[in-house]
Amino acid sequence: LTGMAEEAGISPRLVRAIAWMESGWQQNVVSPTGAVGLMQVEPYTGEWISRYLAGRTLDLHVARDNVAAGCLLLRHLLSIHGGDVPAALAAYYQGDASIARYGHFADTRRYQSAIEALMHRD
C-alpha cells in the first residue's frame, strides 16, 4: 500500500486508512453492492480507471491492481477537488454525482471522520 501510494503521489497514511476502513486490509472482501477488494472499488469504476487513469486493464481481484485502482482514483479525486482531502474522501465514498444531487449523507460524514482518525494513529 505504502509504495503504491507514494508512486501515485498521495499520502500512504491516507491510503492505509481507506484500505482499513473499506476492507480491513482484506483483498477477498466483496460488498453488497459488488465493490471489490482492499480498496473496495466498484467494477464499473475499475473499468473507468483502467481506461482513463491506468492506461491498462486492471484486475480488481488482484491486490496490486486493486490498490493501484484505489490510488489512481484517489489521486484523480484529490486533483479535481483541489487537494481537499475531506472532499476527495466524500467523493470516494459517496460519489460526486450523488453529492451534487443529495448533499453529503450522514454516513459519508462519519466515513470522513473515521478516515481522519485512522490517519492519525501510529
Side-chain angles (χ1 to χ4, degrees):
L1 292 169
T2 298
M4 296 191 88
E6 289 171 345
E7 188 176 311
I10 53 180
S11 164
R13 282 182 173 266
L14 177 59
V15 173
R16 287 192 304 265
I18 290 170
W20 177 254
M21 187 72 182
E22 291 287 348
S23 68
W25 294 334
Q26 297 178 66
Q27 175 57 29
N28 62 344
V29 174
V30 178
S31 79
T33 65
V36 175
L38 286 156
M39 301 298 285
Q40 286 294 282
V41 178
E42 294 283 352
Y44 61 87
T45 303
E47 290 174 16
W48 184 88
I49 295 165
S50 291
R51 177 173 291 145
Y52 297 106
L53 302 179
R56 68 177 180 88
T57 300
L58 297 172
D59 182 348
L60 298 179
H61 296 280
V62 174
R64 185 165 182 75
D65 279 359
N66 190 281
V67 173
C71 287
L72 290 169
L73 178 59
L74 189 56
R75 181 176 70 187
H76 172 74
L77 294 171
L78 285 163
S79 175
I80 64 173
H81 289 284
D84 182 334
V85 172
L89 285 171
Y92 192 96
Y93 181 78
Q94 184 180 333
D96 277 327
S98 175
I99 292 167
R101 187 170 198 178
Y102 305 109
H104 290 89
F105 296 143
D107 60 329
T108 301
R109 289 189 294 276
R110 286 190 296 273
Y111 180 85
Q112 290 167 304
S113 295
I115 297 293
E116 172 103 7
L118 287 168
M119 285 177 61
H120 296 340
R121 282 187 165 177
D122 286 333

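These numbers come from a predicted model, not from an experiment.
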Is the number of heavy atoms from other residues, nucleotides or ligands under 6.0 Å of Arg56 CZ greater than 12?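 Check passes, neighbour count above 12.
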
Has [X] got a side-chain atom pairing as donor or acceptor with [Y]'s backbone, closer than 3.5 angstrom?
{"X": "Asn66", "Y": "Val36", "value": "yes"}
{"X": "Thr45", "Y": "Val41", "value": "no"}
{"X": "Gln27", "Y": "Gly37", "value": "no"}
{"X": "Thr108", "Y": "Ala90", "value": "no"}

Kindly give the heavy-atom pair with the smallest separation between [X] and [Y], and that separation in Å.
{"X": "Asp84", "Y": "Ala87", "answer": "OD1-N, 3.0 Å"}
{"X": "Ala88", "Y": "Leu77", "answer": "O-CD1, 3.8 Å"}
{"X": "Val29", "Y": "Ser23", "answer": "CG2-O, 3.7 Å"}

Partner of Leu89 under side-chain contact (heavy atoms from CB on, under 4.5 Å), picked from Met21, Glu116, Gln94, Gln112, is Gln112

Nearest 0.5 Å, what's the [atom1]-[atom2] distance between [X] and [Y]?
{"X": "Tyr92", "Y": "Ile115", "atom1": "OH", "atom2": "CD1", "answer": "9.0 Å"}
{"X": "Cys71", "Y": "His76", "atom1": "SG", "atom2": "NE2", "answer": "14.5 Å"}
{"X": "Leu1", "Y": "Ile18", "atom1": "CG", "atom2": "CD1", "answer": "10.5 Å"}
{"X": "Ser79", "Y": "Leu53", "atom1": "OG", "atom2": "CG", "answer": "10.0 Å"}

Report task. Give the ring-plane orientation class for Trp20 versus Trp25, where under 30° counts as parallel, over 60° as perpendicular and anything between as tilted. Result -> perpendicular

| query | Quick one: do the Asp96 and His81 side chains pair a donor with an acceptor below 3.5 Å? | reply |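 A pair is found: one side chain offers a donor N or O, the other an acceptor, under 3.5 Å apart.
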
_Taking salt bridge (charged side-chain N to carboxylate O under 4.0 Å, His left out) as the cut-off, I'd like each qualifying pair that reaches into residues 37-49, sequence neighbours left out, listed once._
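Listed by first then second residue: nothing to list.
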
Mind checking whether [X] and [Y] sit in one hydrophobic cluster, side chains of I, L, V, M, F, W, Y counted as touching below 4.5 Å?
{"X": "Tyr44", "Y": "Leu60", "result": "no"}
{"X": "Leu78", "Y": "Ile99", "result": "no"}
{"X": "Tyr111", "Y": "Tyr102", "result": "no"}
{"X": "Leu74", "Y": "Ile80", "result": "yes"}

* Note, Glu22 side chain near Met39 side chain (heavy atom, < 4.5 Å) ->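 Glu22 vs Met39: side chains apart.
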
- Task: Please examine the side chains of Thr33 and Gln40, heavy atoms only from C-beta on, and report whether any two atoms are closer than 4.5 Å.
- Result: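 They are not in contact (no side-chain heavy atoms under 4.5 Å apart), so the answer is no.
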
Tabulate below the donor-acceptor pairs under 3.5 Å that side-chain atoms of residues 2-12 make, not counting sequence neighbours, or state none.
from  : atom 1 : to    : atom 2 : distance (Å)
Thr2  : OG1    : Arg16 : NH1    : 2.8
Ser11 : OG     : Arg13 : N      : 3.2
Ser11 : OG     : Leu14 : N      : 3.2

